[in-house]
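Beneath this line is the structure, given in structure tokens, with notes to follow.
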Amino acid sequence: MRRPFIAGNWKMHKTVAEAVAFARQLKEMAPCCADRDVLVAPPFTALSAVAEVLRGTGIHAAAQNLHEAPQGAFTGEVSAAMIAEAGCDYVIIGHSERRTLFGEDDALIGRKIVAALGCGLKVIFCIGETLQEREAGLTSAVVERQVKEGLKALRIDDIRHLVIAYEPVWAIGTGKTATPGQAEEVHAFIRSLMGRLYSKDAADALAILYGGSVKPDNMAELMAQPNVDGGLIGGASLDFDSFARMVMYDKKD
Ligand code: PGA
């Protein structure tokens, strides 16, 4: 019932020209991607150009962040409506780099999620524990708090517009991937928590992605876990061939 979901988070990489060249290559692959969700999240400057190339292909374009207000005197910020108008259907919210480098807390992330859904955007909601929290045995408690606080305002009908990305902070950009067993354990916990908070049906339909040093070499074993539905991929999504291998993780060359 759940489709594989492969998402590339380009962070602060790629000029408009580079992003468009990648999107054109991705467009060629679109006919092979009908049974899965494929998404790229370019920087704001390249959003509309990438969305334009991908229009009608079924491949999604996402923003990496938004401001929670509809408009206003917020120099340097971008609203949900602006992102939707640029042709995006998704936005990443709560990435650990936003949490740690830009001071975003659970309450702010919750308001951003509400703003995104209000403009018809779907949300990739990122959660995950630090190494210190994992070593202190706090992984479940941290993930539970992030889910409960971040999704506080959401009702059951909102959940179908949501994707959760579990990204242990210690695995992001470090080359240190969670083992498939570690990922599965937390994904299963998140799904059961969503079942308790909303409903079993909503939880069963929810895509839960793993993120943190996903590469072509470890994608298939992560995807083999029953509760791992996809990947949110940073570094290894920047090179087209590498990303294409992960999109087609279950197909032979
Ligand atoms: P990484 O980043 O794949 O480079 O570890 C993942 C992410 O931050 O979404």
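All ligand and atom numbering here is 1-based and tracks the order in the structure. Keep in mind that this is a model prediction, so the values were computed, not measured. Sequence positions, counted from 1, serve as the residue numbers for this chain.
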Stepwise side-chain contact (heavy atoms from CB on, under 4.5 Å) test for Met219 and Asp250: CA-CA 9 Å; Met219 181 80 184; Asp250 53 347; over 6 Å; no
Neighbouring protein residues of ligand 1 - any heavy atom closer than 4.0 Å: Asn9, Lys11, His95, Glu167, Ala171, Ile172, Gly173, Gly212, Ser213, Leu232, Ile233, Gly234, Gly235
Partner residues of His95 under the ring-ring contact (aromatic ring centres under 6.0 Å, His included) criterion, sequence neighbours left out: none
Show which side-chain atoms of residues 20-35 pair as donor or acceptor with protein atoms under 3.5 Å away, not counting sequence neighbours.
none

Contacts of type side chain to side chain contact (heavy atoms under 4.5 Å, CB included), residue Ala107, not counting sequence neighbours: Asp105, Arg111
The single option from His161, Lys122, His60 passing side-chain hydrogen bond (donor to acceptor under 3.5 Å, both in side chains) against Asp89: His60
Side chain to side chain, Tyr198 and Ile156, heavy atoms closer than 4.5 Å: yes
